[in-house]
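Written below as structure tokens is the structure these notes are about.
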There are 2 protein chains.
Amino acid sequence: MPSSSKTRKSDISISNCGYSKVLDIISNKWTALVIYAMEDGVIRYGEMLRRVDGISKKMLTQTVRKLERDGLVARNIIPTVPPSVEYSLTPLGETLLQPMKELRQWGRGHYQEVEEARASYDMANASDS
Amino acid sequence: MPSSSKTRKSDISISNCGYSKVLDIISNKWTALVIYAMEDGVIRYGEMLRRVDGISKKMLTQTVRKLERDGLVARNIIPTVPPSVEYSLTPLGETLLQPMKELRQWGRGHYQEVEEARASYDMANASDS
DNA sequence: CTGTATCCGGGCTGATACTG
DNA sequence: CAGTATCAGCCCGGATACAG
């Protein structure tokens, strides 16, 4: 897993908007969930593994590393035996938490409408190929 | 392209949060960009193709169809020769636009910090494998 | 407890060509 | 103009095993 600054796919054509840059950060499957696991403060690795339901160790590490690289998450290694590692949001990460909360609130408030729209759409197009 | 309501991968373990549901809508590569192309009002297919830099016809259609199914976008077919199709946000879509704008604003305001953090991180870990 | 390494399958995505 | 169809590649992400 190179920590290179090599350009990724999303660098090619989505650099004008400024919004896409945020997506590059939070659009991964687990990123947002991991951030939310830290919204109440410091949390340890194993605790996150439990809190973020369904995530694997691999993806948790990968996600948290990326967030650390982006400066949104701080990692604090406590040299005990066995070792423990604490994660928390940086001040920068906290500023991102605000807009994300609004998005979550939108989801809670409107997702049912979305599901109804889907059902309605599928109903109307049920006979199509 | 089935319009089936078959469960997708993201249904398995990310149904508790309510936030993930929003991600299911906007986390695709192009979805957010397409929504933004409509933020100023009605826009035609070809115009979007130009406005959303780098998107292919296939992905534009696919993205816009999904949004239509989710009830966020309205499609208005004008029976001319050659035909033209207008897209616009539904009232529900407009409500989503608000939180998204805040996210975009965050990106504009903080992305430079993120880039600096990345550079710093890469610098510190340059010698690693 | 906190990771890392490897395999591998599926879906997203781009490129291209075709259609009404 | 506004799509659809098909092919192929690549990366995401899950499972599993191993390590400090």
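Each chain gets a letter, A, B and so on, in the order the sequences are listed, and its residues count up from 1.
- Regarding contacts with the backbone of D:dG3, a side-chain N or O of B:Y87 is found under 4.0 angstrom from either OP1 or OP2.
- Atom CD in A:Q62 sits about 15 Å away from atom P in C:dT6, given to the nearest Å.
- Between A:R69 and A:D24, no side-chain nitrogen of the basic residue sits less than 4.0 Å from a carboxylate oxygen of the acidic one, so the salt-bridge criterion is not met.
- Rounded to whole Å, the distance from CE on A:M48 to P on C:dC1 is 15 Å.
- Electrostatic pairing of A:E39 and A:R104 counts as a salt bridge here, judged by a charged N lying under 4.0 Å from a carboxylate O.
- For a distance-only test at 3.5 Å, the side chain of A:K29 fails to qualify as a donor-acceptor partner of the base of D:dG13.
- For A:V85, whose side chain is taken as the heavy atoms from C-beta onward, the closest listed nucleotide among C:dT2, D:dG14, D:dT4 is C:dT2.
- With C:dG3, D:dG13, D:dC1 as the choices, the nucleotide that has an atom nearest any side-chain atom of A:N28 turns out to be D:dG13.
- Remark: A:K101 does not engage B:E102 in a salt bridge, criterion side-chain N to carboxylate O under 4.0 Å.
- As a whole-Å value, the separation of B:I78 CD1 from D:dA2 C1' is 12 Å.
- Across the protein-nucleic acid pair, A:L60 atom CG and C:dT2 atom C1' stand 10 Å apart, rounded to whole Å.
- Of the candidate nucleotides C:dG14, C:dG3, D:dG14, D:dG14 has the atom lying nearest to any side-chain atom of A:S56.
- Atoms CD1 (B:I55) and P (D:dA2) sit 14 Å apart, rounded to a whole Å.
- Side-chain atoms of B:W30 lie closest to C:dG14 of the nucleotides C:dG14, D:dC1, D:dG20.
- Between B:K57 atom NZ and C:dA15 atom C1' there is a gap of 11 Å when expressed in whole angstrom units.
- A close approach under 4.0 Å does not occur between any side-chain nitrogen or oxygen of B:R75 and OP1 or OP2 of D:dA2.
- Judged by atom type and distance alone, B:K58 does not reach the base of D:dG3 through any side-chain donor-acceptor pair under 3.5 Å.
- Spacing between atom CD1 of A:I77 and atom C1' of D:dG20 amounts to 12 Å, rounded to whole angstrom units.
- Ionic pairing of B:E47 and B:R50 is present here: one or more N-O contacts between side-chain nitrogen and carboxylate oxygen are shorter than 4.0 angstrom.
- Phosphate contact (OP1/OP2 of C:dT2, side-chain N/O of A:R50, threshold under 4.0 Å): absent.
- Atom CG in B:L49 sits about 13 Å away from atom P in D:dT4, given to the nearest Å.
- Closest to the side chain of A:M59, out of D:dT4, D:dG14, C:dG3, is D:dG14.
- Under the 4.0 Å criterion applied to side-chain N and carboxylate O atoms, B:E86 and B:R44 are not assigned as salt-bridge partners.
- The side chain of A:R44 contributes no N or O atom lying less than 4.0 Å from OP1 or OP2 of C:dC1.
- Comparing A:R65 and A:P82 by the nucleotide of DNA chain C whose heavy atom lies nearest to each, the residue mapping closer to the 5' end is A:P82.
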